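Treat the numbers as computed from the prediction; the structure is a model and nothing was measured. We name chains A, B, ... by the order of the sequence lines, and we start the count at 1 in each one.
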Protein chains: 2
Amino acid sequence: MGDKYNRHSKYFVAVDCVIFGYEDGDLKLLLYHRGFEPAKGKWSLMGGFVGEEESSDTAARRILHNITGLDDIFLEQVQAFSEPKRDSEDRVVSITYYALIRIDQHNSDKVRENGAHWWSMKSLPHLVFDHQEMVMKALEKLQVKAEMELVGSELLPDKFTLLQLRRLYEAIFQIELDTGNFRKKVLSLKVLQRLDEKNTTESRRGAYYFKFIEGAKARPFDRIVKI
Amino acid sequence: MGDKYNRHSKYFVAVDCVIFGYEDGDLKLLLYHRGFEPAKGKWSLMGGFVGEEESSDTAARRILHNITGLDDIFLEQVQAFSEPKRDSEDRVVSITYYALIRIDQHNSDKVRENGAHWWSMKSLPHLVFDHQEMVMKALEKLQVKAEMELVGSELLPDKFTLLQLRRLYEAIFQIELDTGNFRKKVLSLKVLQRLDEKNTTESRRGAYYFKFIEGAKARPFDRIVKI
DNA sequence: TCAAAAGTGTTCGTATTACACCCATGA
DNA sequence: TCATGGGTGTAATACGAACACTTTTGA
């Protein structure tokens with residue numbers, strides 16, 4: 001490598017992952033009980049440093065795999081955080097990602113081993129450094145995504161009821177949605193297929209299970225610009 | 001500073017700025033004729049390294065000020081680019097920003113001194129490294145912003161006609177818009193005030209000038225989530 | 001007089017919203 | 001039987017899209 005840039009400084013570059021999951025009608029976050037200084041014993045996002053042969057995307061996937069055992073996870077960059085003193089130990093630029101995982105599918109033993117724990121978005125513990133801000137930015141990104149297309153395949157089990165899907169949306173946007181209107185809107189998108197099977201655990205009458213039609217990539221809440 | 005992270009590598013951290021301007025009905029980009037290696041003599045975005053006492057935001061503002069003489073510019077992070085070999089010289093993580101500036105207002109002598117040049121988005125030169133991708137991501141961000149709220153105060157002169165505003169939107173989205181519908185939509189937002197003055201240079205009849213009402217922050221192309 | 005933009009109005013179809021209402025069933 | 005969610009229907013409204021039409025005026 002050359003030395004053309006050598007009058008400039010180098011910094012550590014890390015990734016932090018905002019890992020969303022969904023369980024029992026609650027949007028949850030996978031947090032880490034830090035086993036190392038600085039801020040040992042406090043809660044933080046899952047993170048790690050970017051290696052020499054890695055992009056930050058690759059590093060984030062590696063970390064996610066190490067924690068959950070999962071590959072092929074939905075993962076998207078949020079933004080970089082670079083305040084000089086954001087990490088109390090040294091100058092670290094953090095590139096933040098958010099991921100969507102299905103809690104029913106991940107390796108929960110591995111998660112426990114790693115000192116990780118699912119927390120409801122409704123009652124998060126105090127987070128280290130600027131991790132709180134990272135979570136907020138990540139949630140905003142998730143909301144934009146959920147407006148642009150029907151999310152659910154990344155967070156729900158293979159088959160789910162419309163109640164479960166609605167509860168997911170209510171959790172993401174922290175609002176209440178009208179049953180009938182939600183149903184009509186979602187079904188009009190033609191991305192769900194009704195199964196011949198009912199879930200009878202969540203209602204007396206029983207609700208049909210649905211699944212996502214593979215390959216159906218219609219964007220629901222249409223955002224084509226036509227002013 | 002401690003040495004808790006010392007088994008990890010450090011990298012250069014730079015910012016690159018996608019600087020949008022608007023002139024003669026064209027969306028333009030301020031590009032730089034590189035005076036240094038690597039890629040000397042090629043065209044690139046405006047960039048620079050992040051200093052020890054700076055956040056990337058601060059660094060981006062510094063660079064923008066150095067080039068254009070302007071402060072108080074609209075500036076927003078796009079994302080970080082971190083492929084190990086994205087810069088041919090050394091490992092450099094780049095945090096990309098986009099800025100909106102009024103071409104009529106910037107210091108054009110300074111720009112020329114810096115070897116910078118305004119290029120129409122319709123015919124950009126070949127850019128170094130991954131700068132082409134940065135421009136694309138920045139344009140997408142600008143489009144999202146322009147959908148969410150009426151942009152124009154950052155790019156147009158203080159007073160402008162609805163034709164000029166429409167041409168700006170057509171340039172941002174690279175589509176044609178209906179005169180009447182655009183007019184109705186924009187005026188319904190109640191963020192523009194008509195002046196008692198007409199522009200007679202762009203049409204026989206003359207079009208009223210408008211200006212943005214200060215403090216009016218209504219979002220035009222409403223995106224409230226109500227599924 | 002005519003082209004080009006300014007500015008206004010109308011029509012039509014669809015999406016959104018706020019509901020009302022009946023169904024099914026286990027506790 | 002009744003509370004709870006499942007599922008369907010409707011009416012009022014808002015909005016987008018397409019487009020017709022009049023006005024103004026310099027070349």
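Between the CG atom of B/Asn181 and the C1' atom of C/dG9 there is a distance of 11 Å, rounded to whole Å. Atom CD of A/Gln164 is separated from atom P of D/dG5 by 13 Å (rounded to the nearest Å). As a whole-Å value, the separation of B/Asn199 CG from D/dG26 C1' is 14 Å. In this structure, the CD atom of B/Glu202 is 15 Å from the P atom of D/dA27, given to the nearest Å. A straight line from CG of A/Leu165 to P of D/dG7 spans 13 Å, rounded to a whole angstrom. Atom OH of B/Tyr208 and atom P of D/dT24 are 10 Å apart (whole Å). In this structure, A/Lys198 atom NZ and D/dT4 atom P are separated by 20 Å, rounded to whole Å. If you measure from atom CD1 of B/Ile175 to atom C1' of D/dA17, you get 12 Å, rounded to the nearest angstrom.
The side chain of B/Arg183 places an N or O atom within less than 4.0 Å of a non-bridging phosphate oxygen (OP1 or OP2) of C/dT8.
Two rings, from A/His33 and A/Trp43, have their centers less than 6.0 Å apart.
With distances taken from any side-chain atom of A/Lys185 to the nucleotides C/dG26, C/dA15, D/dT24, the minimum falls on C/dA15. Listed nucleotides C/dA6, D/dG7, D/dC19 differ in distance to B/Asp178; the shortest reach to its side chain belongs to D/dC19. Considering only side-chain atoms of A/Arg204, the nucleotide from C/dA24, D/dA17, C/dA6 that sits closest is C/dA24. Nearest nucleotide to the side chain of A/Arg205, out of D/dG6, C/dG7, D/dG16: D/dG6.
Salt-bridge formation is not detected for the pair B/Arg61/B/Asp71: no Lys NZ or Arg NE/NH1/NH2 atom is positioned less than 4.0 Å from an Asp or Glu carboxylate oxygen. With respect to A/Asp158 and A/Lys211, no salt bridge is recorded, no charged nitrogen being found less than 4.0 Å from a carboxylate O. The pair A/Arg102-A/Glu23 fails the salt-bridge criterion, with no side-chain N (NZ, NE, NH1 or NH2) lying under 4.0 Å from an Asp/Glu carboxylate O.
With a 6.0 Å cutoff to the six-membered ring centre and a 45° limit on the axis angle, A/Lys145 does not count as a cation-pi contact of A/Tyr98.
Comparing B/Gly206 and A/Gly206, the nucleotide of DNA chain D nearest to each residue sits closer to the 5' end for A/Gly206.
You'll find a donor-acceptor pair under 3.5 Å spanning the side chain of A/Lys184 and the base of D/dT10, going by distance alone.
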